[in-house]
Amino acid sequence: MAGFWRPGADAPSTSAPSTLLTLDVDADADATGTLIQFEKNPKASLSARRRALPIAAHADELMYCVEKHQTTVIVGHTGCGKTTQIPQYLRDGGWCGGGATVAVTQPRRVAAQTVAQRVAEEVGCVIGDTVGYAIRFEDVCTPGKTEIKFCTDGALLRELAEDPLLTKYSVVIVDEAHERTLATDVLLGLLKKVQRARRDLRLIVSSATIQAESFAAFFDASGEDDDGDGPSRKPIIMSVEGRAHGVLIHYLDEPTGDYVLSAVETALEVHRNEGPGDILIFLTGEGEIDDAVNLLEEEAREMKRDPRRSHDALDLVVCPLYAGLNPAAQLEAFRPPRRGARKVVVATNVAETSVTIEGVVYVIDSCFAKQKAFDPERGMESLFVAPASKASTNQRAGRAGRVRPGKCFRLCTEIDYRSLADVTAPEIVRSDLASTVLQIKAMGIDNIMNFEWVSPPPAANMIKALELLYALRALDDDAKLTSPLGVHLAEIPLEPQLGKMLLVSGEMGCVREALTVAAYMQVQSLWVTHRGQKKRLDEMRDRFAVEEGDAVMMLNIHDAYCDARNQAKFASNNMLNHRALLRAGDVRSQLKKHLARLGVVTNSSCGDDTVPIRRAIAAGFFANAATLAPYGGGPDGSVFHSLRAMSARARARELRIHPSSALFRSRPQCVAYCSAVRTDREYMRDVTVVEADWLRELAPHFYRAVSANPTTQ
DNA sequence: ACACATAAT
């Protein structure tokens, strides 16, 4: 490939200057689901190892900051030990006296669990005693006894609904705030509000360098009335360095037209010319990963056959890695390669934050990622491939430096690299806000337009959310939460359309079916993905598929699964993900408890009649309805028109049934769908056959309003 | 032939 940077002896001296990027490295404290931990000095005592962490040298300074300031923004580089140590310093410093608790929030469940376990060991207690954790389905804490509580940001949000002043807590640590997940952003906004009412509540926000100033500015309340007592209301920023190996960054001389191919070529160059160490490639999705893996495996086979190959040359072992991959194949990517082999892991963004692969010395970065966007006009979320941010590519590069100094090859020119955004736009500005708005309203915050966001979402997104909640009858004419419907919808831990489906199923006599549908919609990757077995998967799906659509197919799967004598075997025989099925069962029983608490009789069933459950789905998802285009589905027979958009716009939106749907080859007249994605085209997923009359009957306000005055919807 | 970044209540 012309102009391509070549590593090793061929490296042209005129190539773009390489930058030495200092990144943090330490196996100790990266709490994000590390599977294999290694100790630098396994013989050192626990306390000696704790003292050796970079954060230990800053313990006194930190305690001073927390004492004197309401908010401390801590820039703690990966591996400095902040997540495990700060809560313990606070406890030692007396912040847990008198039944007070220190809360530490994490964006991910595994992180909350594993760090809690680690800290419990360091404190020397059983998990759930002095140190505990709380995530959606597990509350491993002892009220009155637990002094350090790790939880997901979402779990703390739920707690805020019941205890708006967080009276149990003396300090809240928001860890990994720079990731700016939806839950983190909502939590930060609410915490600012809590701090007004509770001057004694201390906040520690952990952030990457680049966002520290904006967090500090957000929490700055020094301009507000100050009685002079208590801590300063001006946040303070403190920084703790990590343990770092250098990562040498290389860029392309010329842009590449095909980053998948470039990634493969670079991996092969590294393999031939560079010293030992595994390779991690970042691409955007399953399709690209499959292509790259196929190309690399082909090359690996050819290298083995090459008669000129030296006897001590390393074999190449290639592993795909993405969240939807079957668990056995995922494990393969984490296992150290066999002796005499070098491992190449071809991954999505999972390997950027959620998991850590030990032994990686070379990172090859496409500098692209799939991103979510929300289109308020269509009320639809979409996914598209977009350039990654500098923050994201730096995080990726850092994955090369965990073991020893590493190298990162960015598949763009340095000039193009400079044009990347500094950080990825926070999720809150790119999302459907219906659930978020409902939750905030349920906390008694009526005037949502005045909510203080770290980054305010676009007004159009907010309006769309309010419209949907109004159409669902969760909000009244004054945009106030309705009772009981709106209040109940906020209590159910589901998106409001699914919540509505559940509540309505009580009246329609199909709660058992609705619970199953709702639970199955919560698990991603119901089917096991095997490379090269797509066709077989389609066949398996067709075994359960029915003409009524995906929801009824889920009911069939659930029934067959429950009847199976050996459920694990049933799952593997049918290419179903057993873990997903188990989780669906778990979610189902939780949802059942929620409904029972709200006074819904939970054992009604519509049996073999699918009309009631399909009507319940229509009652929740009436806004997502589409009809087959005139003349049998348009030119290629597959086109549907969105019902809502058809009246609002002169030209109807084209929608198609997603290839993963049971209805992919069917041509029903009218359908409701639970989600849609835009890739090259717009696809409906989780599709159910409904009747247009049901929509008019179940959501007369919505469809009458649309046809009477198109511009108002 | 067409296809699902990542999390969470």
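As the structure is a computational prediction, the values presented were derived from the model and not from experiment. Below, all heavy atoms of this structure are taken into account, side chains as well, without hydrogens, waters or symmetry copies. Throughout, protein chains are lettered first and strands after them, A, B, ... in sequence-line order, and every chain is numbered starting at 1.
Nucleic acid contact for Q371(A): none, since no nucleic acid atom lies under 4.0 Å from a heavy atom of the residue. Using a 4.0 Å heavy-atom cutoff across all strands shown, A323(A) reaches sugar-phosphate atoms only and no base atom. At the heavy-atom level, I135(A) lies under 4.0 Å from the strands shown only through sugar-phosphate atoms. R681(A) comes within 4.0 angstrom of nothing in the nucleic acid, heavy atoms only. When heavy atoms are screened at a 4.0 angstrom cut-off, A183(A) is found touching no nucleic acid atom at all. Looking at heavy-atom distances under 4.0 Å, L157(A) makes no contact with the nucleic acid at all.
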- request: Give the intermediate values and the outcome of salt bridge (Lys or Arg N to Asp or Glu O under 4.0 Å) for residues K372(A) and E427(A).
  value: CA-CA 8 Å; K372(A) 185 173 74 176; E427(A) 221 185 341; 3.4 Å; yes

Check against side-chain contact (heavy atoms from CB on, under 4.5 Å), V511(A) and S505(A): CA-CA 5 Å; V511(A) 179; S505(A) 73; 3.5 Å; yes

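Side-chain N or O atoms of Q330(A) include one that pairs as donor or acceptor with a backbone N or O of Y322(A) at under 3.5 Å.
Across all non-hydrogen atoms, the minimal contact from S206(A) to E176(A) is OG-N, 3.2 Å.
The structure places CG of L494(A) at 6.0 Å from CG of L502(A), a figure rounded to the nearest 0.5 Å.
In this structure, W527(A) and F544(A) have tilted ring planes: the angle between them lies in the 30° to 60° band.
Using a 3.5 Å distance cut-off with no hydrogens or angles, the side chains of T393(A) and Y417(A) do pair a donor with an acceptor. Defined by atom type and a distance below 3.5 Å, a donor-acceptor pair is present between the side-chain atoms of R180(A) and Q211(A).
A residue-by-residue look at L383(A) and A134(A) shows that L383(A) has its nearest nucleotide of DNA chain B further toward the 5' end. Ranked by how close their nearest DNA chain B nucleotide is to the 5' end, T284(A) and P493(A) are led by T284(A).
On the nucleic acid side, DNA chain B has its first and last nucleotide under 4.0 Å of a heavy atom of chain A at dC2(B) to dT9(B), going 5' to 3'.
Of the residues in residues 657-666 of chain A, H658(A), P659(A), S660(A), F664(A), R665(A) come within less than 4.0 Å of DNA chain B through at least one heavy atom, sorted by number.
The pair D175(A)-K82(A) counts as a salt bridge, with a side-chain nitrogen and a carboxylate oxygen less than 4.0 angstrom apart.
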